[in-house]
Student: 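This is the structure, below, for whatever I ask next.
One is the number of the first residue; the rest follow in order along the sequence. Source: prediction; values computed, not measured.
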Amino acid sequence: QVQLVESGGGSVQSGGSLRLSCAASGYIYSSNCMGWFRQAPGKEREGVATIGTDSGSTFYADSVKGRFTISQDKNTVYLQMSSLKPEDTAMYYCAAASRSPWSTVACTRRDPQKFGYWGQGTQVTVSS
């Protein structure tokens, strides 16, 4: 079992920056892929960025490439967000995929259905 706690959300102006943190605890070795997802009201949850905790490989949604950076330091996963846009406004969730022979697919596709552990979410609001 893995417990995830997000922090760092808030309100920023368009073009601003924000860094989200996800603290992982529990049996962290049960997962080898962690990621950030977001969901805006009335929209489907989408994968923003993922990172293979063993390989260090990262994968991003096209909409955030060049603006967001996912990284890991010990048991904490970060999402550095820069050049924020109003369309980035959403509830952001940290998630971890269970370790399996197919876990690389979860990271590559950033598929929410492949992630079994979720944090409570942290709100990010970007104003014009």
Student: Assess the residue pair Thr53 and Gln72 against the criterion (side chain to side chain contact (heavy atoms under 4.5 Å, CB included)); give the C-alpha distance rounded to whole Å, side-chain angles, the decisive distance to 0.1 Å, and a yes or no.
Tutor: CA-CA 7 Å; Thr53 55; Gln72 179 185 4; 3.4 Å; yes
Student: Donor-acceptor pair, Thr50 side chain versus Cys107 backbone, under 3.5 Å?
Tutor: yes
Student: Can you list everything that forms a side chain to side chain donor-acceptor pair (under 3.5 Å) with Ser57? Sequence neighbours excluded, please.
Tutor: Ser55
Student: What are the two closest heavy atoms between Leu18 and Gly10, and how far apart are they?
Tutor: CD2-N, 3.8 Å
Student: Of all residues at least two apart in sequence or in a different chain, which pass the side chain to side chain donor-acceptor pair (under 3.5 Å) check with Arg19?
Tutor: none
Student: Mind checking salt bridge (Lys or Arg N to Asp or Glu O under 4.0 Å) for Arg110 and listing every partner two or more places apart, or none if nothing turns up?
Tutor: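 None.
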Student: Quick one: pull up CD in Gln1 and OG in Ser31 and give me the separation to the nearest 0.5 Å.
Tutor: 11.5 Å
Student: Going by the rule ring-ring contact (aromatic ring centres under 6.0 Å, His included), which residues pair with Phe115 if we only count those two or more places apart in sequence or in a different chain?
Tutor: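 Per chain and number, Phe115 pairs via ring-ring contact (aromatic ring centres under 6.0 Å, His included) with Phe37.
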Student: Would you please name every residue forming a side chain to side chain donor-acceptor pair (under 3.5 Å) with Gln39, sequence neighbours left out?
Tutor: Arg45
Student: Using a strict threshold of under 4.0 Å (side-chain N to carboxylate O), is an ion pair present between Lys85 and Asp88?
Tutor: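 Result for this pair is no, no salt bridge flagged.
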Student: Please give me the minimum heavy-atom distance between Ser14 and Pro86, naming the atom from each residue.
Tutor: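 Closest heavy-atom pair between Ser14 and Pro86: OG-CD, 3.8 Å.
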Student: Of all heavy-atom pairs between Gly121 and Met91, which one has the smallest distance, and what is that distance?
Tutor: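 Heavy atoms of Gly121 and Met91 come nearest at C-SD, 3.7 Å.
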Student: Could you check Val48, Ile70, Ile51 and say which one makes a side-chain contact (heavy atoms from CB on, under 4.5 Å) with Tyr60?
Tutor: Ile70
Student: Could you state the interatomic distance from CD (Glu46) to CZ (Arg38), rounded to the nearest 0.5 Å?
Tutor: 4.5 Å
Student: Please round to the nearest 0.5 Å and tell me the distance separating atom NZ of Lys114 and atom SG of Cys33.
Tutor: 12.5 Å
Student: Please step through side chain to side chain contact (heavy atoms under 4.5 Å, CB included) for the pair Cys94 and Trp36, ending with a clear verdict.
Tutor: CA-CA 5 Å; Cys94 178; Trp36 287 95; 4.0 Å; yes
Student: State whether the side chain of Gln120 and the backbone N or O of Val5 hold a donor-acceptor pair below 3.5 Å, judged by distance alone.
Tutor: no
Student: Which heavy atom in Gln123 sits nearest to a heavy atom in Ala90, and how many Å separate them?
Tutor: NE2-O, 3.3 Å
Student: Measuring from Phe68:CZ to Leu20:CG, what's the distance to the nearest 0.5 Å?
Tutor: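 The CG atom of Leu20 is 8.0 Å from CZ of Phe68, to the nearest 0.5 Å.
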Student: Please name the pair of heavy atoms, one in Ala40 and one in Thr89, separated by the smallest distance, quoted to 0.1 Å.
Tutor: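 Heavy-atom minimum between the residues: CB-O, 3.8 Å.
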Student: Could you check Met34 against Val2 for side chain to side chain contact (heavy atoms under 4.5 Å, CB included), going step by step and ending with a plain yes or no?
Tutor: CA-CA 11 Å; Met34 298 185 67; Val2 177; 5.7 Å; no
Student: Starting at OH of Tyr92, measure out to CG of Leu79 and round the result to the nearest 0.5 Å.
Tutor: 7.5 Å
Student: Tell me, please, which residues at least two apart from Asn32 pass side chain to side chain donor-acceptor pair (under 3.5 Å).
Tutor: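 Applying side chain to side chain donor-acceptor pair (under 3.5 Å) to Asn32 gives Ser103.
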Student: Within a radius of less than 6.0 Å around CD of Gln113, do more than 12 heavy atoms belonging to other residues, nucleotides or ligands occur?
Tutor: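 No, the 6.0 Å shell around CD holds no more than 12 heavy atoms from other groups.
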Student: Could you give the distance from OG (Ser127) to CD (Gln13), rounded to the nearest 0.5 Å?
Tutor: 3.5 Å
Student: Specify whether Trp118 and Tyr93 have parallel, tilted or perpendicular ring planes, treating 30° as the upper limit for parallel and 60° as the lower limit for perpendicular.
Tutor: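 Taking Tyr93 first and then Trp118, their aromatic rings stand perpendicular (interplane angle over 60°).
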